[in-house]
Number of protein chains: 2
Amino acid sequence: MAATTATPEGFAQKLADSGLRSTPQREVVYHALMRKQDHPTADELFARVKQEMPGISLATVYNCLEALVQCKLVRSVNFERGPTRYCPNLRPHAHFHDESSGATHDIDLPEGVLERINAILPPGYDARSVEIVFRGSAGAKR
Amino acid sequence: MAATTATPEGFAQKLADSGLRSTPQREVVYHALMRKQDHPTADELFARVKQEMPGISLATVYNCLEALVQCKLVRSVNFERGPTRYCPNLRPHAHFHDESSGATHDIDLPEGVLERINAILPPGYDARSVEIVFRGSAGAKR
DNA sequence: GAGCGAATTTAGAACCATTCCAAGTCGTGG
DNA sequence: CCACGACTTGGAATGGTTCTAAATTCGCTC
């Protein structure tokens, strides 16, 4: 539950923090992403968003996503060479890419895991971010 | 040290194991990759390889790399949306992407790290592979 | 509340890494 | 030595994404 950054307040604020404005398009794209907790591509989002804002263009969806990623309301993920996927889950988490279904699942990282992973870096390396991607099958369970 | 799979023997063998042949092009591409331990793109490799085999085509470089990846003589890595990069290091390792220089460094994984990372997966998830990518700067040291 | 400059949006062209295709070559088993 | 499949090749095609230039909208100032 708990809609992280429900919508109005924090939304405009986070954008503003990066010197960006809140616009109808950005809101609509953001909501389309929030509504369904899968990891849609820009194209998929475009299709969803067009329903409530028929005039929006694909370029704008890309622009909005870029803005949202920049102000850290959204994360982008890449699997192999596939199209970029977007994810409104801001907690530190890894991704599990199910090869049979093509679905992507968030794997929340238990406390301390990030620290331990950073610890494998030799001295002199300073990581700003780490990305962990599993590939396999998410059987039975779920 | 230790040129894993020096060249002739294991090379043809590994290809054969996947039902593939050893060809001059595949050898030349493989050696170009081995020679320089950076993480070249297909294009970069193409440029290098053309010097000793001027007639080779870009499509062939792609084909060869695909074959080499398939028979596990080579790994491919992707950073964000950039062109795929290739890497002859077969030991389990993470990648560190230096944002200032654009260079990529291999980070060998200490014994047991993979196991511990796999342990964060909830029951029902079965990972065939994990990929770890750091992003940051590799300062002074090196 | 009109006028302005800056930020956004838009449609379509442009890009670029990669894949596809159809034709030609090579090499191996029979 | 021939046939067949594996491999290579150049060029065309693809597909996600970015660029461009022009219109629109926003937030202000006067």
Side-chain angles (χ1 to χ4, degrees), chain A residues 8 11-30 32 39-50 52-71 73-87 102 104, chain B residues 11-30 32 39-50 52-71 73-74 76-87 102 104:
Chain A
F11 184 76
Q13 192 48 58
K14 275 216 166 182
L15 282 162
D17 290 350
S18 300
L20 300 163
R21 294 181 191 160
S22 173
T23 69
Q25 288 86 343
R26 286 174 183 168
E27 283 181 26
V28 130
V29 168
Y30 183 61
H39 294 72
T41 63
D43 247 32
E44 286 162 6
L45 275 171
F46 179 46
R48 289 182 204 171
V49 155
K50 254 195 306 200
E52 43 182 316
M53 187 182 273
I56 200 171
S57 82
L58 178 56
T60 300
V61 172
Y62 275 104
N63 289 343
C64 291
L65 288 170
E66 188 191 333
L68 295 172
V69 166
Q70 193 178 309
C71 74
L73 278 164
V74 165
R75 273 176 57 179
S76 65
V77 215
N78 288 281
F79 298 117
E80 236 84 280
R81 292 239 93 227
T84 301
R85 295 175 170 281
Y86 298 87
C87 155
T104 298
Chain B
F11 183 76
Q13 192 48 56
K14 276 217 166 182
L15 282 162
D17 290 350
S18 299
L20 301 162
R21 294 185 191 157
S22 173
T23 69
Q25 287 86 344
R26 286 174 183 169
E27 284 181 24
V28 129
V29 168
Y30 183 61
H39 294 71
T41 64
D43 247 33
E44 286 163 4
L45 234 28
F46 179 45
R48 288 182 206 171
V49 155
K50 254 196 304 201
E52 42 181 318
M53 188 183 273
I56 200 170
S57 83
L58 178 56
T60 299
V61 173
Y62 275 105
N63 290 342
C64 291
L65 288 170
E66 190 191 333
L68 295 172
V69 166
Q70 194 178 309
C71 75
L73 277 164
V74 165
S76 65
V77 215
N78 289 281
F79 298 118
E80 235 85 278
R81 293 239 93 228
T84 301
R85 295 176 170 280
Y86 297 87
C87 155
T104 299

Under 6.0 Å from the ring centre and within 45 degrees of the ring axis: does the NZ or CZ of A:Lys50 meet both conditions for the six-membered ring of A:Phe46? yes
Length of the OH-P vector between A:Tyr62 and C:dG12, whole Å: 17 Å
Sugar-phosphate, base or nothing in reach of A:Thr60, heavy atoms under 4.0 Å: base
A:Leu65 has an atom CG; how far is it from atom P of C:dT10, in whole Å? 13 Å
Pick base, sugar-phosphate or nothing for A:Gly55, based on heavy-atom distances below 4.0 Å to the nucleic acid. sugar-phosphate
Any base atoms under 4.0 Å from B:Thr41, or only sugar-phosphate, or nothing? Heavy atoms, all strands. nothing
Closest listed nucleotide, where the reference is the side chain of B:Ala59 and the choices are D:dT17, C:dC20, C:dT9: C:dC20
In whole angstroms, the gap separating P of D:dT17 from CG of A:Asn63 amounts to 13 Å
Does a nitrogen or oxygen in the side chain of A:Thr23 sit under 4.0 Å from OP1 or OP2 of C:dA7? no
Atom CD of A:Gln70 and atom C1' of C:dA7 are separated, to the nearest Å, by 13 Å
I want to verify a distance call: between D:dT17, D:dT8, C:dT8, whose nearest atom is closest to the A:Leu20 side chain? C:dT8
With respect to the phosphate group of D:dA6, does any side-chain polar atom (N or O) of B:Arg21 fall under 4.0 Å of OP1 or OP2? no
Looking only at the side chain of A:Arg81 (C-beta and beyond, no hydrogens), which of the listed nucleotides C:dA17, D:dT17, C:dT8 gets closest? C:dA17
